[in-house]
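Everything on this sheet refers to the single structure shown next.
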Amino acid sequence: MNNITGTIRSHMAITLMVAAAWHATPAKAQTLEGKWVADWRVLDNGEKNRLFLDLKQNDAKITGTATTIGHRYQADGTVTGTRFEISFSKGGNPRKLAGEIAGEQLNLKYEGAALVAKRATPEDEYPAYEKLPLPPLKDLPDNGLVKTPPMGWNSWNKFHRGVTDAIVREMSDAMVTSGMRDAGYIYLCIDDTWEGVRDPEGNLGSNDKFPDMKALADYVHSKGLKLGIYSSPGPRTCADYPGSYGYEQQDANTFAAWGVDYLKHDWCGARMIYGDKDQQAVYQKMGEALQATGRPIVYSICNYGVAKVETWGAKAGGNLWRTTGDISDTWKSMRANIERQAPLASFAGPGRWNDPDMLEVGNGGMTDTEYRTHMSLWAITAAPLIAGNDIRNMTPAIKEILLNREVIAVNQDVLGKQATPRKDGTLETWVKPLADGSVAVAVVNLGESEADVVVKVSDLGLAGNVSSARDLWAHADVSFRDGVYAQKVASHDVLMLRVGSKP
Ligand code: GLA
């Protein structure tokens, strides 16, 4: 195109745009009231996800619902001129939508994407799901697995929706070469977005990112590791992929046939159908299905710690249950999760663990000091140690944290006790009784400056006198004098000891 033609064309385009804008301007005030639909993500299994809004506008206030293929949220927001903001509160992880009314079109910003919503037709509406009957409650037998907290790796914290077969294979290799496997990190877990679609017989396959799940399981097993996978009791997962709703036994059989050893079952899309009072029966359904396969499969319940899951998780066949919302890679989030884990100590024991979510150690949002504290807190609270970083690329400092065998030994202690904390100003002291009669102690400095930490034998609940004491991060023996051990601890750092006793 020469310059003159180009200039004429762009002038024509501007004129057309101005004309279009002119015609689109409605005579009456623009409103959000009504039903709107926007194309959203195309999922990795080829399904098209869309955002469906059903809104009411009362002056500046917006209420209504927002629905995707897997979630129905309550929507609340405000309008200022032609701009508006809506938050999706109940129905899933909180989300925000920002937009602008442009006549009969809405220009939206949602989850980092620019979307255009148009007036919806009845065909755009998502059909409602039928509520299937639930089994009567019972106590499922103990599956005998993970008598010490599960250890492994999960794809979500680092890779989110980007996980692939190649990444999982490389991670398997790295688990071996880095020494992670030999330190006990055995379960290599694929999180959400591996799912394909169901075939005409209802069998769920994987999507193109995972061309052959059985072959991948074989590869993972050949490295001396075990394979974890992810699903939901709802029709859709948190990332809106197909869940196991109505296909519990069929999916459990598929997972077993692939050679899966661990299932994380994530509530999310189940909210479309069930209330919190249904949760135990819903989780029991998959618990029974897994046990019926005859394959030993660790059952990880992920319901963000609601509906008193700690009181029924093990009855439903669960080996671990989330006690919190999703962790993020910040000190604040890590601390919020451990605070929610703390009061649940009495519910933990061999084969049944409180899970404050996967580790963020090595993902870059905290300092190495804070990651050391994160690791210590997860270890001492008998939390599952599921690494969430890129095992292929670890700095020496991160390796040292994740591979600290003395700290891991505290976590893997066969007594299976979860430590409880005591606060004294900005110092927080956790004590965990261990099988050999010794105790693990972690003192965290929550303050913003260095603190003098004094550990008193009288606070440790030991049966006798101190016979040994070891600093688990310094890898050095230390001595108590006159019933105390004192050390300076930097801000957000931790002192972690193992203290033995004899009569
Ligand atoms: C939820 C879970 C996360 C992760 C995502 C995947 O948010 O809590 O751990 O599994 O879903 O979509």
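Read the numbers this way: they start at 1 and go in the same order the structure lists the ligands and their atoms.
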Closest protein heavy atom to atom 5 (C) of ligand 1, given as residue, atom name and distance to 0.1 Å: W156 CE2, 3.6 Å
More than 12 heavy atoms of other residues, nucleotides or ligands under 6.0 Å from NZ of K417: yes or no? no
On the 0 to 90° scale, with breaks at 30° and 60°, tag the Y110-F88 ring pair as parallel, tilted or perpendicular. tilted
For atom 12 (O) of ligand 1, what is the nearest protein heavy atom, given as residue, atom name and distance? D192 OD2, 2.8 Å
Could you tell me which atoms of ligand 1, counted from 1 in the order shown, lie closer than 4.0 angstrom to a heavy atom of Y230? 6 (C), 10 (O), 11 (O), 12 (O)
With a cut-off of 4.0 Å, which atoms of ligand 1 are near a heavy atom of Y304? 8 (O)
So is R352 actually on top of F347's ring, under 6.0 Å and inside 45° of the axis? no
Which of the ligand 1 atoms, numbered from 1, are nearer than 4.0 Å to a heavy atom of C302: 8 (O)
Residue-level breakdown please: for C268 versus ligand 1, do any non-hydrogen atoms fall below 4.0 Å on the side chain, on the backbone, on both, or on neither? neither
Provide the number and element of each atom of ligand 1 under 4.0 Å from a heavy atom of A239. 12 (O)
Nearest neighbour in protein (non-hydrogen) for atom 1 (C) of ligand 1: D266 OD2, 3.0 Å
Do R50's NZ or CZ and the ring of Y126 fall within the cation-pi criteria of under 6.0 Å and 45°? yes
Relative to the ring of H374, is the ring of Y371 parallel (under 30°), tilted (30 to 60°) or perpendicular (over 60°)? tilted
Are D212 and K214 within salt-bridge range, i.e. N to O under 4.0 Å? no
Is the positively charged end of R322 above the ring of Y304, judged by distance under 6.0 angstrom from the centroid and angle within 45° of the axis? no
Determine, considering heavy atoms only, which of I386, T324, D357, D191 sits nearest to atom 10 (O) of ligand 1. D191
N/O of R322 under 3.5 Å from N/O of ligand 1, yes or no? yes
Per atom 3 (C) of ligand 1, closest listed option by heavy atom (T237, N303, D326, T193): D326
So for K264, does at least one of its heavy atoms come nearer than 4.0 angstrom to any atom of ligand 1? yes
For the residue pair H71 and Y73, does the interplanar ring angle fall in the parallel (under 30°), tilted (30 to 60°) or perpendicular (over 60°) class? parallel
